[in-house]
Structures are given as C-alpha cells and as structure tokens.
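Structure record follows, encoded as structure tokens.
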Number of protein chains: 2
Amino acid sequence: MKNLVSRCPIEEVMQLLSGRWPTLLIYYLSDGTKRFSDLQRDNPTISHKMLTMELRKLEDAGIVRRTEFEGYPRRVEYDLTADGERLVPLIDALGDWWDGVNAATDAPADQAIMI
Amino acid sequence: MKNLVSRCPIEEVMQLLSGRWPTLLIYYLSDGTKRFSDLQRDNPTISHKMLTMELRKLEDAGIVRRTEFEGYPRRVEYDLTADGERLVPLIDALGDWWDGVNAATDAPADQAIMI
DNA sequence: TCATGGTTACAAAAAGGTGCGTAATTTACG
DNA sequence: CGTAAATTACGCACCTTTTTGTAACCATGA
C-alpha cells in the first residue's frame, strides 16, 4: 500500500495501522516504556528490520516517542505519545467488536441460551 | 500477512481490515446497499479482481452480506450486516482521532489560538 | 452483441527475512 | 598494559514470499 487513493482520514489511518505489527506494537507500548530488545522479546517473530521500520513509521506519525541515551551499549527507549495513548482505547474497541462478532457466530445456540 | 502470530483479537481484526480497501468499502457500504458496479464507481482505482476478493473476505467475516438476484444482466447487491454496521462508528472514530493528531501537529499555533 | 459479475493465469510490485557491518564503551584476558 | 570480546540498536544489500494488477475468458439473457 504505497500511496493513497483518496484524501480521506480513514484511508490515512489505515495506511498507518495496516499490517500485523503497528497495532501490536502500540498494544505492547501501552504497557509502558520499552526498549528495542523488550519489543523483540514481546513478539519474537518480528525481524529487527521490520521492528525498526515500524517503530520509525509510528514515530514519524507522532504516535511513538523515541529516546536515545548515551552510553555503553547503546540504549534507546520507546513509549507512546499523548496521541498514541488516545489511540489505544480505539484499538481495544476494535478487538472487543471482533470478539462480539465471533461470540455470536461461533456458538449461536449457546449464546442465545446464555442471554 | 498470511497467518497470525498471536491469538489476540486485535491481530485478528487487523488481518481483516488491513490494506487500502476494507475500510473504504465498509465506508461506502455504510451509505446503503450497493451493487458491484456502484462500488467500482465509488473507487475507480480498485481492480475488479481486488474488489471481488475484498468483498468475499468481508462476506466471510460476516461484515458484508451478498445478495444475488435472478435476471437479465446478473445483479448482485452488497450491504453491511448488523455486525458491519456496528463497526462503522469504530472506523469513524479512528478517522476522527487521526484528524485530531494532524490538527495538533500541522498547525499547533493556530490551533492553540482557536481554542 | 452487450452488460454484469466473476474466474483464472501470468507478470509486476511490494513486503518481509537473513546476515553482515558499525558505533561506543565496558569487561575479560594474557 | 594492550587488546580482544561483548553488548545494543540499528543500516544496508541481497533474496524470497506475498500481494496486487493486467488481461483474457466465461455465463446469462435481452
């Protein structure tokens, strides 16, 4: 998804959040400040190339803040900006909505009885 | 994004909604029932292969309902299911959030004054 | 024959993975 | 004391996989 087709904000957000990693990274960062290696541990299947690229993208979008420290082995910390924090409940809402969809379709009879 | 890495609903929704088209199609369908060719007209840059594939994906997820009619030139209508309708405000909220992010960073001074 | 909605095969493009290199400084070792 | 190794967070080049586009084809019925 290289460039946009419309100028609608919905398409723009999706360009930012599309893919496996962005929402997962935001989710892990909503937990608090993390280092690069923490995020690698959180999701072991991301390659370091992807991790840097996705973090950079989120940083450019103003959702993640990157802080670099002087010292021994280099140390960099990531956390959510205020905008990033505001995004978290919206992502959660999507997750909840999806749970609702599946609860209804996966076990319709049981669900009906339980209500 | 072929398969999932975790079993978290957030990753599952994003697998469904990732990419340029899903949210745009949902947005256009939130307008009411549309035919295949209406959706092509709504966003002229989608290839009809993509359109069928994306509609099929949304249908399988239970978000879009496909209705085929007998007759002349074939006629097929698409609209949102109840679950799909419930998704619309969540997508809108993402768009609004993004507008907010940009309003703040694109013109910080003006914004501050306007408040 | 035309239009509609769709499928299939092939090609192009984009996304993603692997592995090597690098910076700066501390520790370990002979 | 000199030096080599380890650590962390990347960048870069190369290659594979996945996604998307193109184009051609199919069925229906006026």
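Naming: A, B, ... by sequence-line order, numbering from 1 per chain.
- Using a 4.0 Å cut-off between a side-chain N of Lys or Arg and a carboxylate O of Asp or Glu, Asp42(A) and Lys34(A) qualify as a salt bridge.
- For Glu54(A), the side-chain atoms get nearest to dG16(C) when compared with the rest of dG16(C), dG11(D), dT7(C).
- Within the 4.0 Å cut-off from OP1 or OP2 of dA3(C), not a single side-chain nitrogen or oxygen of Ser37(B) is found.
- In this structure, Arg20(A) does not reach the dA15(C) phosphate: none of its side-chain N or O atoms is under 4.0 Å from OP1 or OP2.
- Separating the CD atom of Glu68(A) from the P atom of dT25(C) is a distance of 12 Å, rounded to the nearest angstrom.
- If you take NZ of Lys49(B) and P of dG5(C), they are 19 Å apart, rounded to a whole angstrom.
- When the side-chain nitrogen and oxygen atoms of Arg75(A) are compared with OP1 and OP2 of dT7(D), none of them lie within a distance under 4.0 Å.
- Applying the salt bridge (Lys or Arg N to Asp or Glu O under 4.0 Å) rule to Glu59(A) yields the partners Arg56(A); only residues at least two apart in sequence or on another chain are considered.
- Look at CG on Asn43(A): it is 15 Å from C1' on dG16(C), rounded to the nearest Å.
- Leu94(B) contributes atom CG, which lies 7.0 Å from atom CE of Met14(A) (distance to the nearest 0.5 angstrom).
- The base of dT22(D) is not paired with the side chain of His48(B) by any donor and acceptor separated by under 3.5 Å.
- Within the 4.5 Å cutoff, no side-chain heavy atoms of Phe36(B) are placed close to those of Glu77(B).
- The side chain of Arg35(A) places an N or O atom within less than 4.0 Å of a non-bridging phosphate oxygen (OP1 or OP2) of dA9(D).
- Residue-level contact check: Phe69(B) touches neither bases nor backbone, having no heavy atom under 4.0 Å from any strand.
- Distance from the side chain of Met50(B) is smallest to dG21(D) among dG21(D), dG5(C), dG11(D).
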